[in-house]
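All remarks here apply to the structure that follows.
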Amino acid sequence: MAKATLSISSRNYSSWSLRGWLLVRFSGLDFTELIVPPDDADAKKELLLLSPSILVPCLTHDGIKVWDTLAIAEYLNEVKPKAGLLPASRAARAHCRAVCGEMHSGFSALRSALPMNLKRVFPAHKVWTRALGDIERITAIWEECLATYGGPFLFGKRTMADAMYAPVVTRFVTYDVKLNRRLSAYGKHILAMPEMVEWITAAKKEPEEIDELDMEF
């Protein structure tokens, strides 16, 4: 029996669940999933950005409970140090932590204007000014990381940063956000990961729909 349990919510709508799930998969830690139904009142508040705290994902391992995504990432880096969730050099580790922290605490306009929805595509979607500012900052981060570390992942090899930004890749596809060739290649590389293929396939089979998140904004 696995010693770890990860609680997640909707695969289709919950970007934080995807981040936590990818982090655990990247780490190689054996775990089982505990699904919190999207119609759970607290889970729905979180999906609609109405919850003051992030309730899922939550990792339980060896009697230890970790419910914040960055905390999960750092915890996994401690228990699975050879997994490479952080880059090898001190400078790159600092850079990785900084861009992960920016994703964790920022980009609220993007979250509200372009919610994650893996079942839908909105061609030529109109993105308003505040969300455009977030998109510009995210793409600048990607450009800097890919130029500095050579790709194909943000820090060369796969790290926690790719888990943190993977939901953004899906948002850019859903809302038809145009990217240059280099950033488009990065997005395709993320979507081609076996973990992402598995997650998206399962998401598209989910029967639940949340009307507020299934409309064109």
Side-chain angles (χ1 to χ4, degrees), residues 8-22 35-40 43-51 54-57 69 99 102-143 145-146 152-154 161-217:
I8 60 173
S9 186
S10 168
R11 290 181 184 268
N12 187 50
Y13 300 113
S14 180
S15 59
W16 289 110
S17 292
L18 172 55
R19 291 184 180 99
W21 186 85
L22 285 175
I35 308 297
V36 180
D39 57 0
D40 177 275
K44 190 169 183 180
K45 283 181 183 178
E46 182 174 319
L47 290 169
L48 295 174
L49 306 180
L50 300 176
S51 173
I54 300 298
L55 305 176
V56 293
T69 310
V99 300
E102 199 167 345
M103 182 73 255
H104 185 267
S105 62
F107 308 124
S108 60
L110 179 83
R111 298 184 204 284
S112 59
L114 308 179
M116 191 169 95
N117 189 336
L118 299 174
K119 295 181 183 180
R120 300 289 301 274
V121 174
F122 302 103
H125 180 78
K126 173 68 175 177
V127 180
W128 300 103
T129 303
R130 287 186 61 213
L132 280 175
D134 284 352
I135 291 171
E136 289 170 1
R137 176 55 190 154
I138 289 168
T139 55
I141 289 170
W142 290 3
E143 289 276 18
C145 289
L146 293 171
F153 296 101
L154 292 179
D162 301 294
M164 293 298 289
Y165 283 87
V168 177
V169 172
T170 73
R171 283 176 160 104
F172 286 174
V173 173
T174 297
Y175 298 98
D176 197 23
V177 175
K178 304 303 181 186
L179 302 172
N180 65 33
R181 183 178 298 179
R182 186 172 203 171
L183 300 187
S184 179
Y186 170 69
K188 289 177 181 178
H189 200 74
I190 291 296
L191 293 173
M193 294 189 304
E195 296 88 351
M196 286 295 289
V197 173
E198 178 183 340
W199 180 277
I200 292 170
T201 299
K204 290 182 177 180
K205 294 178 180 178
E206 282 185 351
E208 299 89 353
E209 291 185 356
I210 298 176
D211 291 339
E212 298 96 322
L213 293 173
D214 206 46
M215 61 184 288
E216 184 169 3
F217 287 76

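Cation-pi check for Arg137 over Trp142 is not met; the charged atom does not lie both under 6.0 angstrom from the ring centroid and within 45 degrees of its normal.
Looking only at side-chain heavy atoms (C-beta outward), Leu154 and Tyr165 come within less than 4.5 Å of each other. The shortest side-chain heavy-atom distance between Thr139 and Leu183 falls under the 4.5 Å cut-off. Counting heavy atoms from C-beta outward, Glu136 and Asp134 have side chains that stay 4.5 Å or more apart. For the pair Met193 and Trp199, the minimum side-chain heavy-atom distance is 4.5 Å or more. Looking at heavy atoms from C-beta onward, Pro167 lies out of side-chain contact with Phe172 at the 4.5 angstrom threshold.
The structure places CD1 of Ile200 at 5.5 Å from CG of Leu118, a figure rounded to the nearest 0.5 Å. Rounding to the nearest 0.5 Å places CG of Leu114 at 10.0 Å from CZ of Phe122. Expressed to the nearest 0.5 Å, how far OG of Ser15 lies from CE of Met103 amounts to 7.5 Å. Distance OG/Ser10 to CD1/Ile35: 9.5 Å, rounded to 0.5 Å. Note that the CZ atom of Arg130 and the CG atom of Leu110 stand 11.0 Å from one another [nearest 0.5 Å]. To the nearest 0.5 angstrom, Ile138 atom CD1 is 4.5 Å from Phe107 atom CZ.
A distance-only check finds no donor-acceptor pair linking the side chain of Asp162 to the backbone of Phe153 [under 3.5 Å]. Side-chain N or O atoms of Ser184 include none that pairs as donor or acceptor with a backbone N or O of Asn180 at under 3.5 Å. Judged by distance alone, with hydrogens and angles left aside, the side-chain atoms of Ser17 form a donor-acceptor pair with the main-chain N or O of Ser9 at under 3.5 Å. Remark: the backbone N or O of Arg11 is paired with a side-chain donor or acceptor of Glu206 at under 3.5 angstrom.
Of all heavy-atom pairs between Lys119 and Ala203, the closest is CE-O, 3.2 Å. Counting all heavy atoms, side chain and backbone alike, Pro57 lies closest to Thr69 at CD-OG1, 3.9 Å. Smallest separation of non-hydrogen atoms from Leu22 and Ala163: CB-CB, 3.8 Å. Shortest non-hydrogen contact noted between Ser105 and Arg111 is N-NH2, 4.4 Å. Of all the heavy atoms in Met196 and Ile190, the pair that sits closest is CG-O, 3.2 Å. The shortest heavy-atom contact between Glu198 and Trp21 is OE2-CZ2, 3.7 Å.
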Begin with the C-alpha distance, continue with both residues' side-chain angles, and end with the deciding distance and a verdict on side-chain contact (heavy atoms from CB on, under 4.5 Å) for Tyr186 and Glu143. CA-CA 10 Å; Tyr186 170 69; Glu143 289 276 18; over 6 Å; no
Evaluate the side-chain contact (heavy atoms from CB on, under 4.5 Å) criterion for residues Val36 and Ile8: first the C-alpha distance (whole Å), next the side-chain angles of each, then the deciding distance (0.1 Å), finally the verdict. CA-CA 6 Å; Val36 180; Ile8 60 173; over 6 Å; no
Evaluation steps, side-chain contact (heavy atoms from CB on, under 4.5 Å), between Val173 and Leu191: CA-CA 10 Å; Val173 173; Leu191 293 173; 3.8 Å; yes
Step by step, would you call Arg171 with Val177 a side-chain contact (heavy atoms from CB on, under 4.5 Å)? CA-CA 8 Å; Arg171 283 176 160 104; Val177 175; over 6 Å; no
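Among Val168, Leu18, Asn12, the one residue that satisfies the side chain to side chain contact (heavy atoms under 4.5 Å, CB included) test with Met116 is Leu18.
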